[in-house]
Amino acid sequence: TVNVICPGWTRTDMAFDRMSELGMNEASLKTGVPLGRFIEPLEIAQMAGYLVSDAASGVTGQSFVIDGGVLA
């Protein structure tokens, strides 16, 4: 099985470093996220855990976007 997890802005040091490089801040980026928050690293880990579990044994060829509903 091959699946992919596509995270949006995730609350990590790397994301905050990138925001700084781009001259952006968390508040301005969150305005475009319907959930009104960044994704937590645990949420990405939980999706990965699901995908390696028996519960996902029939899931293949899927892209899982975890971005809080960003409307690009």
Side-chain angles (χ1 to χ4, degrees):
T1 60
V2 178
N3 297 292
V4 63
I5 299 171
C6 307
W9 285 104
T10 305
R11 187 174 298 287
T12 63
D13 291 340
M14 186 171 75
F16 286 106
D17 289 346
R18 185 66 179 145
M19 277 187 273
S20 178
E21 290 170 8
L22 296 172
M24 303 171 138
N25 62 48
E26 183 176 1
S28 66
L29 287 169
K30 287 192 308 188
T31 62
V33 180
L35 287 184
R37 63 177 181 82
F38 282 5
I39 300 303
E40 297 296 329
L42 179 61
E43 292 173 288
I44 306 303
Q46 288 170 328
M47 176 55 80
Y50 166 72
L51 290 172
V52 301
S53 74
D54 289 340
S57 63
V59 178
T60 187
Q62 302 302 308
S63 297
F64 295 91
V65 178
I66 304 174
D67 66 2
V70 171
L71 306 170

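Only a predicted model underlies this, so the values are computations on that prediction, with no experimental measurement involved. Here, residue 1 is the first one in the sequence, and each next residue gets the next number.
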Gly68 to Pro34 - nearest heavy-atom pair and separation: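 Of all heavy-atom pairs spanning Gly68 and Pro34, the closest is O-CD, 3.4 Å.
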CG-CZ distance between Leu29 and Arg37, expressed to the nearest 0.5 angstrom: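 Interatomic distance, Leu29 CG to Arg37 CZ, rounded to 0.5 Å: 15.0 Å.
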Reported CD1-to-CD distance for the pair Ile66 and Gln46, which is rounded to 0.5 angstrom: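 It comes to 9.0 Å.
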Are [X] and [Y] connected in the hydrophobic side-chain network, where two residues link if heavy atoms are under 4.5 Å apart?
X	Y	result
Val65	Met47	no
Ile44	Phe38	no
Tyr50	Val4	no

Close side-chain approach of Arg11 to Glu26, heavy-atom, < 4.5 Å: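 Arg11 vs Glu26: side chains touch.
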Test item: Val70 and Trp9 side chains (from C-beta on) under 4.5 Å apart, heavy atoms: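 Not in contact.
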Over 12 non-hydrogen atoms of neighbours within 6.0 angstrom of CG in Asp17: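 Yes, the 6.0 Å shell around CG holds more than 12 heavy atoms from other groups.
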Okay, side chain of [X], backbone of [Y]: is any donor-acceptor separation there less than 3.5 Å?
X	Y	value
Asp67	Pro7	no
Glu43	Pro41	no
Asn3	Leu51	no

